[in-house]
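Chain naming here is simple, since letters A, B, ... match the order of the sequence lines and numbering starts at 1 in each.
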2 protein chains.
Amino acid sequence: MVKPLYQPNTDQITLPGVLDALSDPVRLDIVLQLDADGEARCSAMGEHGSKTNLSYHFARLREAGVTKTRIEGASRLIALRREDLEAKFPGLLDTVIANAKGAKSKAA
Amino acid sequence: MVKPLYQPNTDQITLPGVLDALSDPVRLDIVLQLDADGEARCSAMGEHGSKTNLSYHFARLREAGVTKTRIEGASRLIALRREDLEAKFPGLLDTVIANAKGAKSKAA
DNA sequence: ACAATAGTTCAATAAGTGTTGAACAGATTG
DNA sequence: CAATCTGTTCAACACTTATTGAACTATTGT
């Protein structure tokens, strides 16, 4: 039996939900890496925390509509839902990512 | 003895902090009203919740660096920290406000 | 001084958050 | 099949959150 792997469709995505998903430093880091890499497998994000904890944050991002997950063999490939987010909240994701990058470079 | 009324200075404002402050529907409503009215007294926001609860949300917004509070007699006047936020996270506040307005008009 | 007004603070509560380690399920490889 | 790798689920935990009502402080008006 296959997992449901719930992802909201575009009209179920809410602004508070997205902002909440993006309001955690770990998740913001994940989003930054997804922005840079395009699509990443979970195993490529070990720097951001423990396996279990990452799984939790991946679920938060996915359930908020920020990411989509594709299963490939034993791995899962995660990517940002760029078009959906842009359609629903124009400019939001890009602005947050740009500012997160800025904050990171200044934190050096 | 006067209250401290803590407000972070610009370099203490964090992106996760701001996003978290904006990730609550009540606070988003407050921000929308502040955007429309420029400066508002607490008593003018009774529609968004009880007195006590609003006081809590005002504090969250203020402590996150999203708003500043000015005391005028027995009232408090709340306003967005537009310049500070724009300097620290360019475009962020405007984008969030624009999308919150959009979400609100669609929710009719 | 008394009462009304504006808003905060406090204590309490129910629900949610981020984190961890152990156990689990599915795919891949020996 | 057994071992392994990828990632999720579960139970537990300490902590935070949003909300409420009662008590409080400060200001304004009578």
Would you mind reading off the distance between [X] atom [atom1] and [N] atom [atom2], rounded to a whole angstrom?
X     : N      : atom1 : atom2 : answer
A/Y6  : D/dT8  : OH    : C1'   : 18 Å
B/R62 : C/dG7  : CZ    : C1'   : 11 Å
B/F58 : D/dT19 : CZ    : C1'   : 15 Å
A/M45 : D/dT8  : CE    : C1'   : 15 Å
A/E63 : C/dG16 : CD    : P     : 13 Å
A/I78 : D/dG7  : CD1   : C1'   : 10 Å
B/L54 : C/dT5  : CG    : P     : 18 Å
B/K51 : D/dT19 : NZ    : P     : 17 Å

CD1-OG1 distance between B/I78 and B/T69, expressed to the nearest 0.5 angstrom
4.5 Å
Closest-nucleotide mapping onto DNA chain D: is B/A74 or A/A59 further toward the 5' terminus? I mean the 5' end.
A/A59
Which residues satisfy the side-chain contact (heavy atoms from CB on, under 4.5 Å) test with B/A79, sequence neighbours excluded?
B/E39, B/K68
With sequence neighbours excluded, residues passing side-chain contact (heavy atoms from CB on, under 4.5 Å) with A/S75:
A/R41
Which residue pairs pass the salt bridge (Lys or Arg N to Asp or Glu O under 4.0 Å) test with at least one member in residues 47-67 of chain B, sequence neighbours excluded?
B/D20-B/R60
Throw together a table of side-chain donor-acceptor distances under 3.5 angstrom for residues 88-101 of chain B, partners on residues two or more places apart or in other chains.
{"residue": "B/K88", "atom": "NZ", "partner": "B/T10", "partner atom": "O", "Å": "3.4"}
{"residue": "B/K88", "atom": "NZ", "partner": "B/D11", "partner atom": "O", "Å": "3.4"}
{"residue": "B/K88", "atom": "NZ", "partner": "B/I13", "partner atom": "O", "Å": "3.1"}
{"residue": "B/T95", "atom": "OG1", "partner": "A/T95", "partner atom": "OG1", "Å": "3.4"}
{"residue": "B/T95", "atom": "OG1", "partner": "B/G91", "partner atom": "O", "Å": "2.6"}
{"residue": "B/N99", "atom": "ND2", "partner": "A/P90", "partner atom": "O", "Å": "3.3"}
{"residue": "B/N99", "atom": "ND2", "partner": "B/T95", "partner atom": "O", "Å": "2.9"}
{"residue": "B/K101", "atom": "NZ", "partner": "B/D35", "partner atom": "OD2", "Å": "3.3"}

Which is true for A/S75 with a 4.0 Å heavy-atom rule: it touches a base, it touches only sugar-phosphate, or it touches nothing?
sugar-phosphate
Might you list the N or O atoms of the protein lying below 3.5 Å from N or O atoms in nucleotides 17-22 of chain C, with each pair's distance?
{"residue": "C/dT17", "atom": "OP1", "partner": "A/R60", "partner atom": "NH2", "Å": "3.3"}
{"residue": "C/dG18", "atom": "OP1", "partner": "A/D24", "partner atom": "OD2", "Å": "3.4"}
{"residue": "C/dG18", "atom": "OP1", "partner": "A/R27", "partner atom": "NH2", "Å": "3.0"}
{"residue": "C/dG18", "atom": "OP2", "partner": "A/R27", "partner atom": "NH1", "Å": "3.2"}
{"residue": "C/dG18", "atom": "OP2", "partner": "A/Y56", "partner atom": "OH", "Å": "2.5"}
{"residue": "C/dG18", "atom": "OP2", "partner": "A/R60", "partner atom": "NH1", "Å": "2.7"}
{"residue": "C/dT19", "atom": "OP2", "partner": "A/N53", "partner atom": "ND2", "Å": "3.1"}
{"residue": "C/dT19", "atom": "OP2", "partner": "A/H57", "partner atom": "NE2", "Å": "2.6"}
{"residue": "C/dT19", "atom": "O5'", "partner": "A/N53", "partner atom": "ND2", "Å": "3.3"}
{"residue": "C/dT20", "atom": "OP2", "partner": "A/S50", "partner atom": "OG", "Å": "3.4"}

Is a side-chain donor or acceptor of B/D24 paired with a backbone partner of B/R27 at a separation under 3.5 angstrom?
yes
